[in-house]
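Counting starts at 1 for both ligands and their atoms, following the listed order. Numbering starts at 1 and runs along the sequence shown. None of the values given here were measured: they were computed from a predicted structure.
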Amino acid sequence: MNNTRDQWSSRLGFILAAAGSAIGLGAVWKLPYVTGTSGGGAFFLIFLFFTLVLGTSLLLAEFAVGRKTQKPPVEAYKELAPGTAWHWLGILGIISSCLILSFYAVVGGWIITYFVRSLSGSLTDPASGNHEDLFGSIISNPWEVGISHLAFIIVTIIVVQGGIQKGIERASSIMMPALFLIFLILVIRSLTLDGAMEGVTFFLQPDFSAVSGDTILFALGQAFFSLSLGVSIMVTYSSYLSKKDNLVRSASSIVGLSILIALLSGLAIFPGVFAFGLEPNEGPSLIFTVLPAVFSEMAFGAVFLSLFLLLLLFATLTSAFSLLEIVVSSVAGNSPGRRKAAAWIAGISIFILGIPSNLSFGLLSEWLLFDKIFFDQIDYLVSNILLPLGALLISIFVPLKMNRAELQDELLRGSSLGTSFFNTWFFIIRFVTPVAIIFAFLDVLGIW
Ligand code: TRP
């Protein structure tokens, strides 16, 4: 289809882009609120376990498919399993990515709105009153959040239509470390608030009596979500990798960075929740009500809050790029003209698909589908059904349709790890991952 495929300029460029895809709202916005609604420490521990064992293994599996074939997902599955229905796995990934981006961009819009408001200092002003009421009034105003939702999508489209740009790689290398730094400052402030320890205990001390089947499925979905797994995005990104790169080392860096950010965000949020007498199980609004309160306790709070929101916006955008990139590269390959049209058509359609999610906190808040507002229903469908399903199919596909010796060669290339590492990985991907996912599904259905 094309013989001049883009490549990452360096291994670091790839790690930054893949970590940029992984690190985003999953760790900073979603993990705290899902931990809050799922009982705290036990959830976090199960999430960590799934991330380390199943997440890392699946990440390697997606890398192996992408780098082996050097093709976008649908083509990659076609090449590895010609004449079968397996290319539907690529299509499933594209559909799931569109659904994720539809609600992801809504939250991206909230961040833009908060950023704009924080510039005036009004969010951290003690006179601004109750942060929960403020959040409620902001997100239920369809125009303000509608415009920032659209703005978020447009920025995503503009960057993605230009291809894998040097700009993203370079900007990530400054903004990601800056995000870590400001997170550290925030964590220190949070941990020194009066009553902070209660939050740390909630976040890190497991209480397994709070664990149900749903908790396990949520933790599994969250682990896949925060590593961008199950939708073949990592297949897409690794298809631009050079044959020389060491996949295991890249995967470990990506998993390590995501876990670090997840820990930091829990340590930033939960002490604040308890210190200010808020409820940890408040749902998607959690960080938007807690963070302004924590920042308002700091010297130069307004400046730090604006800076934090700007960096979070950036982390959110780099994840959104990957979600649109998979759609665009699948339909347009590398042809610049077609990329442009594909990016706009897909981006605007995803914006429209996201409108009911956006309105479900305001105009459509009474409109329930199976007991959940539209936004929550789409998130549940994607995170707890489509992502684990995609992951299950990938973990069946890879050992079944790829040659074991070739897999070993792909994964161990350039690394000093030996056959025993490969054999362990192969065992996890072949048996442990599918069995764990199937049990999590059965458990929720009440069958097991
Ligand atoms: N991982 C990103 C986050 O945590 C979101 C994301 C980007 C994603 N691409 C994905 C989630 C693919 C699932 C699948 O914010």
Looking at Ile111, is its backbone amide N or carbonyl O close enough to the side chain of Ser148 to form a donor-acceptor pair, meaning the two atoms are under 3.5 Å apart? no

Residues Arg67, Glu62: salt bridge by 4.0 Å N-O rule: no

Does this structure show an ion pair linking Glu410 with Lys243, if we count only N-O contacts that are shorter than 4.0 Å? yes

Donor-acceptor pairs under 3.5 angstrom involving side-chain atoms of residues 278-286: please list them, not counting sequence neighbours.
{"residue": "Glu282", "atom": "OE2", "partner": "Ser285", "partner atom": "OG", "Å": "2.8"}
{"residue": "Glu282", "atom": "OE2", "partner": "Thr289", "partner atom": "OG1", "Å": "3.0"}

Please lay out, stage by stage, how Thr215 and Ser212 fare under the test side-chain hydrogen bond (donor to acceptor under 3.5 Å, both in side chains). CA-CA 5 Å; Thr215 319; Ser212 67; 3.1 Å; yes

Between ligand 1 and the protein, which N/O pairs are shorter than 3.5 Å?
{"residue": "ligand 1", "atom": "1 (N)", "partner": "Ser21", "partner atom": "O", "Å": "3.1"}
{"residue": "ligand 1", "atom": "1 (N)", "partner": "Ala22", "partner atom": "O", "Å": "3.0"}
{"residue": "ligand 1", "atom": "1 (N)", "partner": "Phe225", "partner atom": "O", "Å": "2.8"}
{"residue": "ligand 1", "atom": "1 (N)", "partner": "Ser228", "partner atom": "OG", "Å": "3.0"}
{"residue": "ligand 1", "atom": "4 (O)", "partner": "Ala22", "partner atom": "O", "Å": "2.9"}
{"residue": "ligand 1", "atom": "4 (O)", "partner": "Gly26", "partner atom": "N", "Å": "3.1"}
{"residue": "ligand 1", "atom": "9 (N)", "partner": "Ser228", "partner atom": "OG", "Å": "3.2"}
{"residue": "ligand 1", "atom": "9 (N)", "partner": "Ser322", "partner atom": "OG", "Å": "3.4"}
{"residue": "ligand 1", "atom": "15 (O)", "partner": "Leu25", "partner atom": "N", "Å": "2.9"}
{"residue": "ligand 1", "atom": "15 (O)", "partner": "Gly26", "partner atom": "N", "Å": "2.7"}
{"residue": "ligand 1", "atom": "15 (O)", "partner": "Tyr104", "partner atom": "OH", "Å": "2.4"}

I would like to know whether Glu144 and Arg117 meet side chain to side chain contact (heavy atoms under 4.5 Å, CB included); could you show each step before the answer? CA-CA 11 Å; Glu144 190 173 2; Arg117 289 197 174 214; 2.9 Å; yes

